[in-house]
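The next block holds one structure in the form of structure tokens; read it before the comments.
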Protein chains: 2
Amino acid sequence: MNVEQAMDTLKKEGYKTTGKREQLVKIFANEKRYLTAKEALIKLQQTYPRVSFDTVYRNVSLFVDMNILEETELDGERWYRYRCATSKHHHHVICVECGKTKQIEACPMDMLSPQTNGEFQIIDHKFEIYGLCYVCQP
Amino acid sequence: MNVEQAMDTLKKEGYKTTGKREQLVKIFANEKRYLTAKEALIKLQQTYPRVSFDTVYRNVSLFVDMNILEETELDGERWYRYRCATSKHHHHVICVECGKTKQIEACPMDMLSPQTNGEFQIIDHKFEIYGLCYVCQP
DNA sequence: TACTAATTAAGAATGATTACGATTTATAAT
DNA sequence: ATTATAAATCGTAATCATTCTTAATTAGTA
């Protein structure tokens with residue numbers, strides 16, 4: 001999924017393709033790491049100085065719904081990253097300082113015996129490894 | 001770890017064993033599921049009607065540090081549960097409605113090749129399966 | 001029992017996120 | 001190209017969970 005594809009997805013679903021949306025998608029596409037809403041706002045303000053918090057929050061939520069971004073939660077704050085181009089389902093090692101990631105190919109769901117989940121109706125799962133990347137290590 | 005052991009742990013570390021702390025530990029020990037701070041407060045107020053939010057937040061944080069509780073984050077809110085008695089490291093299926101849990105014995109960290117994490121210095125990991133328990137299913 | 005440090009209550013402050021009314025803009029039909 | 005309209009945005013206020021502050025209370029101990 002590149003930027004044009006993301007914008008096409010939006011248009012196909014009836015959403016408008018505004019300059020701010022395109023720039024916001026570009027920011028995530030370029031960074032390829034987890035960003036907070038605030039970080040994304042600051043970067044977006046380099047192009048649109050008067051853009052508001054509301055616009056960022058509204059759009060990252062939309063992008064998550066549209067599968068353009070993926071979301072996680074670190075220390076009471078939501079982080080967003082561009083959904084990886086590799087179509088194969090995978091997980092991440094995440095740097096808790098800068099949001100940099102590294103793919104983990106294996107998914108633990110593949111190794112569970114069918115009755116592990118018992119009477120639960122499964123909705124989702126999360127497997128994340130947290131750490132410090134080379135740059136952020138003390 | 002039972003309630004007395006938990007209180008002994010606190011005392012050993014120089015913390016005072018107050019009635020509110022003991023009752024709060026008891027609440028989690030009885031429930032054996034994830035609770036929000038608000039839920040814990042409401043239950044604690046059945047015994048101590050004038051107890052404040054601050055007391056709950058301060059103490060659940062302390063209990064997490066002391067390894068008496070474990071913590072997770074669901075939809076922008078922190079949930080806490082009594083640390084399972086089984087000493088063996090494990091993970092959970094969690095009901096996103098009521099916080100009820102079921103143990104998962106396997107840990108995905110055991111199956112990673114050593115170089116998976118590359119240049120990351122690993123701090124922690126999370127593997128959780130989210131779903132609806134039998135009671136909460138529509 | 002009295003002292004000292006930890007704990008607590010009450011409410012204010014904080015920080016992230018969401019909501020709202022007014023204004024602007026993208027889109028599609030003319 | 002112009003216009004109508006519905007969506008998107010701005011600016012700001014509101015909300016929600018959590019943390020902080022200060023003064024009063026309490027547990028542990030001498």
Side-chain angles (χ1 to χ4, degrees), chain A residues 4 6-27 34-66 68-69 71-80 96 99, chain B residues 3-4 6-25 27 34-66 68-69 71-80 96 99:
Chain A
E4 299 106 72
M7 298 315 286
D8 284 352
T9 305
L10 282 176
K11 190 170 271 183
K12 205 170 296 171
E13 297 286 332
Y15 295 97
K16 296 179 177 174
T17 58
T18 68
K20 279 156 199 158
R21 278 186 175 151
E22 186 164 359
Q23 186 58 29
L24 192 53
V25 171
K26 274 183 188 164
I27 287 165
Y34 278 100
L35 302 170
T36 61
K38 182 180 283 184
E39 274 184 286
L41 174 68
I42 288 166
K43 286 185 181 292
L44 187 56
Q45 283 176 334
Q46 290 169 8
T47 312
Y48 297 96
R50 307 193 68 71
V51 72
S52 70
F53 262 112
D54 185 70
T55 298
V56 170
Y57 279 113
R58 201 167 9 81
N59 285 313
V60 293
S61 293
L62 175 65
F63 295 165
V64 169
D65 290 347
M66 296 275 119
I68 295 165
L69 298 184
E71 181 184 349
T72 193
E73 185 111 30
L74 269 167
D75 212 34
E77 214 171 346
R78 292 185 198 161
W79 295 62
Y80 301 89
V96 298
Chain B
V3 177
E4 299 105 74
M7 299 314 287
D8 284 353
T9 304
L10 283 176
K11 189 170 274 183
K12 206 170 295 169
E13 297 286 332
Y15 295 98
K16 295 183 177 174
T17 58
T18 67
K20 280 155 198 159
R21 278 186 175 152
E22 185 164 2
Q23 186 58 29
L24 192 54
V25 171
I27 287 165
Y34 277 99
L35 301 170
T36 61
K38 182 180 283 184
E39 274 184 284
L41 174 67
I42 289 167
K43 285 184 184 294
L44 187 56
Q45 283 177 333
Q46 290 168 10
T47 312
Y48 297 95
R50 306 193 66 74
V51 72
S52 70
F53 261 112
D54 185 70
T55 298
V56 170
Y57 279 113
R58 200 165 11 79
N59 284 313
V60 292
S61 294
L62 175 64
F63 295 165
V64 169
D65 290 347
M66 294 277 120
I68 295 166
L69 298 183
E71 180 183 351
T72 192
E73 185 111 30
L74 268 166
D75 212 33
E77 214 171 347
R78 291 184 199 163
W79 295 62
Y80 301 89
V96 296

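Reminder, nothing fancy here: chain letters follow the sequence lines and each chain counts from 1.
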Check the distance between C:dT27's C1' and A:K12's NZ and give it to me in whole angstrom. 18 Å

Compare the minimum distances between each of D:dT21, D:dT9, C:dT18 and the side chain of A:Y57, then state the nucleotide with the smallest one. C:dT18

Atom CD1 of B:I42 and atom C1' of D:dA17 are separated, to the nearest Å, by 14 Å

How many whole angstroms separate atom CD of A:E73 from atom P of C:dG15? 17 Å

Examine C:dA16: is either OP1 or OP2 under 4.0 Å from a nitrogen or oxygen in the side chain of A:T36? Give yes or no. no

Which listed nucleotide (C:dA16, D:dA27, D:dT19) is nearest to the side chain of B:T18? D:dA27

Of the options D:dT19, D:dT9, C:dT7, whose atoms approach the side-chain atoms of B:R58 most closely? C:dT7

Whole angstrom is fine here: how far is it from CZ in A:R21 over to P in C:dT25? 15 Å

Closest of C:dT17, D:dT9, D:dA8 to the A:Y15 side chain is D:dA8

Given atom CG of A:L24 and atom P of D:dA8, what is their separation to the nearest angstrom? 14 Å

In the structure I gave you, are the side-chain heavy atoms of A:I68 and A:L10 within less than 4.5 Å of one another anywhere? yes

Check the distance between C:dG15's P and A:W79's CH2 and give it to me in whole angstrom. 16 Å

When rounded to whole Å, the CZ to P distance for the pair A:F53 and D:dT15 reads 19 Å

Of the candidate nucleotides D:dA27, C:dT8, D:dC10, which contains the atom at the shortest distance from the side chain of B:K16? D:dA27

Among the nucleotides C:dA9, C:dT17, C:dA10, whichever has the atom closest to the side chain of B:R50 is C:dA10

Hey, is the main chain of B:Y57 close enough, under 3.5 Å, to the side chain of B:S61 for a donor-acceptor pair? yes

Main-chain N/O of A:A37 paired to A:R78 side chain as donor or acceptor, under 3.5 Å: no

Where the side chain of B:E22 meets the backbone of B:G19, is there a donor-acceptor pair that is under 3.5 Å apart? no

Using whole Å, report how far CD of A:E22 lies from P of D:dA8. 15 Å

Heavy atoms from C-beta onward define the side chain here; which of C:dA19, C:dA9, D:dT9 lies closest to that of A:D54? C:dA19

Measuring from the side chain of A:S52 (C-beta onward, heavy atoms only), which nucleotide among D:dG11, D:dT18, C:dT7 has the closest atom? D:dG11

Short side-chain N/O contact to D:dC10 OP1/OP2 from A:K20, under 4.0 Å: yes

Both B:K38 and A:G14 contact DNA chain D. Taking the nearest nucleotide for each, which residue is further toward the 5' end? A:G14

Report yes if some heavy atom in the side chain of B:L41 is under 4.5 Å from a heavy atom in the side chain of B:Q45; otherwise report no. yes

Among D:dT19, C:dA9, C:dA26, which nucleotide has an atom closest to any side-chain atom of A:T17? C:dA26

